[in-house]
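The block underneath contains the structure these notes are about, expressed in structure tokens.
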Amino acid sequence: MVVKKSDQKVGAGRRQFLRQISQSGLAISSTTLAGSAMAGQGAQHSSSAAYNKDGWMKAPWQAAQAIVDRFQKELVFRDEDFLITHYGAKTCTLRQVQAWKSFEEQGALASPVADAADIYPAITTAIQACHQAGGGRVVIPKGDWYCAGPIVLLSNVHVHLQAGAHIYFSHQPTDYAKYGSVDCGERGRLVISRWQSNDCLNYSPMVYSFAQTNIALTGEDWTSVLDGQGGVPFNEDGDCWWTWKGKQRTINSIGQGSIPNAKAGKMSENAVNSLNANALAELTSISEPQAKLIQGEGDRWRADAAYLPALSEANIPLPKRVFGLGHYLRPPLIQLIGCDKVLLRGYQAKDSPFWVHHPVNCRDLKIDKVLANSHGPNSDGFDPEACEYVLVESCTFDSGDDCIAIKAGKNRDTQYGPSQHIVIQNCTMQSGHGAITLGSEMAGGIQHIYAQNLLFENKHWASNPLNIAIRLKTNMNRGGFLKHFYVRNVSIPNGVQTSPSYYAFLPNSPFAKKTIASAAGGVIVFDCDYAPVADNVRTRPPEVSHIHIAKVKVGNVSVKQANLPANSQYSCYQALVILGPVASDYNGPQPAPKILPVSQVLIEDCDFGAPVNKVSPLYLYNVKGLVLKNVMINSVLYKRG
């Protein structure tokens with residue numbers, strides 16, 4: 001990677017600021033982080049001369065190539081190896097256990113025996129020794145290893161798994177509330193984290209780094225495995241990390257209709273947690289109308305998954321956003337916060353408790369030849385958030401949620417700015433909610449995203465299909481902007497889900513229930529009314545414009561559905577769904593801000609195959625300036641318009 005001196009200064013300033021946060025006892029609000037933490041980050045790197053009179057980039061793929069070129073030079077590490085066996089690490093013995101392999105499938109999985117040797121002390125000591133020596137490579141040899149704590153990456157350290165090295169991370173949540181840098185008493189020793197794009201103190205991810213530079217995590221091939229054991233039970237009731245998801249909310253989900261071992265009344269992220277405050281007024285000085293808006297009706301807001309966003313809306317500072325023990329917010333498998341010059345390469349990441357990869361506020365990050373293989377709830381493969389200059393290349397995603405989901409903060413936690421200057425190329429996607437997704441957490445904005453030369457293979461199409469190929473998710477809460485999103489050369493040989501799935505609408509919605517297939521079934525879906533009932537505060541209209549999608553080829557498959565003729569050949573339920581912002585969802589002060597339609601969308605040189613919904617293969621609401629040029633749908637050619 002080539003890093004200019006000016007960029008190095010920006011990165012160094014951000015890391016220094018983040019370290020000061022940790023050292024100062026976290027006595028700072030999230031909104032205070034804006035500017036200082038990201039001084040210089042998010043600046044536009046394209047002059048006005050790069051755009052035409054309609055606001056389109058004149059040479060988007062040249063801009064994409066410039067991003068790729070940043071990564072031509074490899075990271076450099078000091079030439080010394082630190083083998084974890086030299087620090088006392090020992091391999092473990094495995095046993096077969098009954099575990100969850102996905103939302104709905106159970107079976108036997110290998111897992112370390114109860115008294116397995118723990119490599120956490122050895123690998124932690126090896127990384128610290130490597131870092132203190134000025135850097136080098138920490139090597140995990142071939143074998144089965146049990147790690148009952150997080151691997152914490154430090155500057156100038158390259159952690160490398162040899163072929164056949166399989167790290168089984170402990171599946172006990174308590175092991176990720178022992179070693180964090182922030183002592184939160186009964187809640188455990190926690191780390192500064194983000195959960196669904198809100199800042200918090202929480203369980204440590206299995207692999208974690210905070211404010212470091214020049215770091216690498218690599219494997220020799222996909223037999224180099226980082227295994228989160230997300231579906232392995234940790235108690236006699238059979239609960240696992242994935243149980244904490246709680247209730248399944250999507251209407252007519254396919255292959256993901258239940259949550260592993262979840263039952264009514266069981267604690268989860270969606271169940272009211274008595275550890276949370278009874279009212280926001282207990283935590284901060286807040287007006288009654290504002291508290292009522294944030295909390296909504298009843299006490300549903302006191303469930304952990306709703307409570308954290310409520311703390312953000314109320315501008316509660318990070319030190320008071322304490323989760324961990326007694327709470328149910330699952331950590332990612334790999335989370336990197338405020339890091340620069342990062343390489344992730346050549347390993348398999350398996351069965352994550354939550355999102356598989358979650359870099360936040362990172363710069364100059366490359367992920368290459370990685371297999372993200374996790375079919376549990378929220379198992380997004382790669383979620384760069386508020387990151388700048390990212391290259392995703394030659395990776396494969398087989399996911400229980402979005403394969404790639406680009407994010408940029410939620411509620412008031414937008415201090416790191418937008419996600420921007422990201423290239424996705426030469427990747428393969430299998431199962432997932434969306435192959436390439438933007439959002440849903442995107443309050444800080446997303447721009448200058450380029451995706452090309454992709455295979456959305458959808459090999460599980462008969463039992464657990466890819467829901468949507470190209471997807472935008474936002475709503476009147478998540479807001480933000482999406483602009484300058486360019487896609488070309490996408491092959492989808494086995495189509496996407498051929499039946500519709502839905503989200504519930506608000507009571508005052510202009511739409512009848514189960515009428516818009518925005519949750520699954522579309523090849524391209526821009527959903528600006530994503531899951532609106534999940535958010536009490538709906539005051540941030542999204543802005544979506546300048547999207548160019550070209551050369552998407554969708555194949556048909558033989559579909560067996562009760563309402564369709566035998567041996568029917570279809571590619572999707574609908575080719576295109578664009579659900580623009582819904583003005584009636586707004587519930588803030590009047591006058592309401594201007595609510596803009598989705599605009600400047602060009603789709604050309606595409607073949608969407610044969611949608612099931614022949615009567616309405618396109619669904620459009622609040623859209624302006626959509627152009628279909630040389631687009632084939634059900635053998636009908638849309639030449640222009």
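No experiment lies behind these values; they were computed from the predicted model shown. Scope of the values below: all heavy atoms of this structure, side chains included, with no hydrogens, waters or symmetry mates.
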Side chain of [X], backbone of [Y]: donor and acceptor closer than 3.5 Å?
X: Ser155; Y: Gln212; value: no
X: Tyr307; Y: Ala277; value: yes
X: Gln248; Y: Gln256; value: yes
X: Tyr176; Y: Ser170; value: yes
X: Asn475; Y: Tyr530; value: yes
X: Asp239; Y: Thr243; value: no
X: Ser204; Y: Val191; value: no
X: Tyr586; Y: Thr539; value: no
X: Ser374; Y: Ser352; value: yes
X: Asp118; Y: Ala148; value: yes

* Go through Leu293 and Asn587 one step at a time and tell me if the side chain to side chain contact (heavy atoms under 4.5 Å, CB included) criterion holds. => CA-CA 8 Å; Leu293 176 65; Asn587 65 352; 3.4 Å; yes
Between the side chains of [Y] and [X], is the shortest nitrogen-to-carboxylate-oxygen separation below 4.0 Å, so that they form an ion pair?
X: Glu282; Y: Lys320; result: no
X: Glu543; Y: Lys483; result: no
X: Lys473; Y: Asp402; result: yes

From [X] [atom1] over to [Y] [atom2], what is the distance, rounded to the nearest 0.5 angstrom?
X: Arg471; Y: Cys403; atom1: CZ; atom2: SG; value: 11.0 Å
X: Ile334; Y: Ile367; atom1: CD1; atom2: CD1; value: 7.5 Å
X: Glu441; Y: Ile406; atom1: CD; atom2: CD1; value: 13.0 Å
X: Asn276; Y: Asp299; atom1: CG; atom2: CG; value: 10.5 Å
X: Cys184; Y: Asn202; atom1: SG; atom2: CG; value: 9.5 Å
X: Lys292; Y: Glu297; atom1: NZ; atom2: CD; value: 6.0 Å

Restricting to non-hydrogen atoms, name the atom on [X] and the atom on [Y] that form the minimum distance, rounded to 0.1 Å.
X: Arg412; Y: Gln290; answer: NH2-NE2, 4.4 Å
X: Gly479; Y: Thr474; answer: O-OG1, 3.0 Å
X: Lys266; Y: Asn261; answer: NZ-O, 3.1 Å
X: Ile595; Y: Met476; answer: CD1-CE, 4.0 Å
X: Trp241; Y: Gln229; answer: CD1-O, 4.2 Å
X: Trp242; Y: His375; answer: CH2-C, 4.5 Å

Taking the side chain as C-beta and beyond, is there a heavy-atom pair between [X] and [Y] under 4.5 Å?
X: Ile192; Y: Tyr208; value: yes
X: Lys513; Y: Tyr502; value: no
X: Trp244; Y: Asp304; value: no
X: Met206; Y: Leu226; value: no
X: Ile127; Y: Val152; value: no
X: Val623; Y: Phe526; value: no
X: Gln295; Y: Asn536; value: no
X: Pro377; Y: Phe103; value: yes

* Check the pair Tyr120, Asp175 against side chain to side chain contact (heavy atoms under 4.5 Å, CB included), reporting the backbone distance first and the verdict last. => CA-CA 10 Å; Tyr120 170 76; Asp175 287 329; over 6 Å; no
* side chain to side chain contact (heavy atoms under 4.5 Å, CB included) between Thr437 and Leu472, worked out -> CA-CA 6 Å; Thr437 297; Leu472 163 71; over 6 Å; no
* To do: Carefully, step by step, assess Gln415 and Asp199 under the rule side-chain hydrogen bond (donor to acceptor under 3.5 Å, both in side chains).
  => CA-CA 10 Å; Gln415 67 272 16; Asp199 300 314; 2.8 Å; yes
* **Ring center gap for His171 and Phe234 short of 6.0 angstrom** => no
* Asked: Between Phe323 and Trp195, does the ring centroid distance fall short of 6.0 Å?
  -> no
* **From Lys407, Gln335, Gln196, Arg194, residue fulfilling side-chain hydrogen bond (donor to acceptor under 3.5 Å, both in side chains) relative to Glu385** => Arg194
* How are the rings of Trp355 and His358 set to each other: parallel, tilted or perpendicular (split at 30° and 60°)? -> perpendicular
* For the salt bridge (Lys or Arg N to Asp or Glu O under 4.0 Å) test, which of Asp535, Asp585, Asp413 pairs with Arg478? -> Asp535
* **Gln590 atom CD, over 12 foreign heavy atoms within 6.0 Å** => yes
* Decide yes or no on salt bridge (charged side-chain N to carboxylate O under 4.0 Å, His left out) for Glu313 and Arg540, but give the supporting numbers first. => CA-CA 12 Å; Glu313 289 286 4; Arg540 306 178 184 94; 2.8 Å; yes
* Asked: Checking side chain to side chain contact (heavy atoms under 4.5 Å, CB included) for the pair Val544/Cys528: CA distance, chi angles, key distance, verdict?
  -> CA-CA 9 Å; Val544 179; Cys528 297; 4.0 Å; yes
* Under the side-chain hydrogen bond (donor to acceptor under 3.5 Å, both in side chains) rule, what do Gln420 and His448 come out as? Steps first, then yes or no, please. => CA-CA 5 Å; Gln420 59 184 356; His448 300 295; 5.7 Å; no
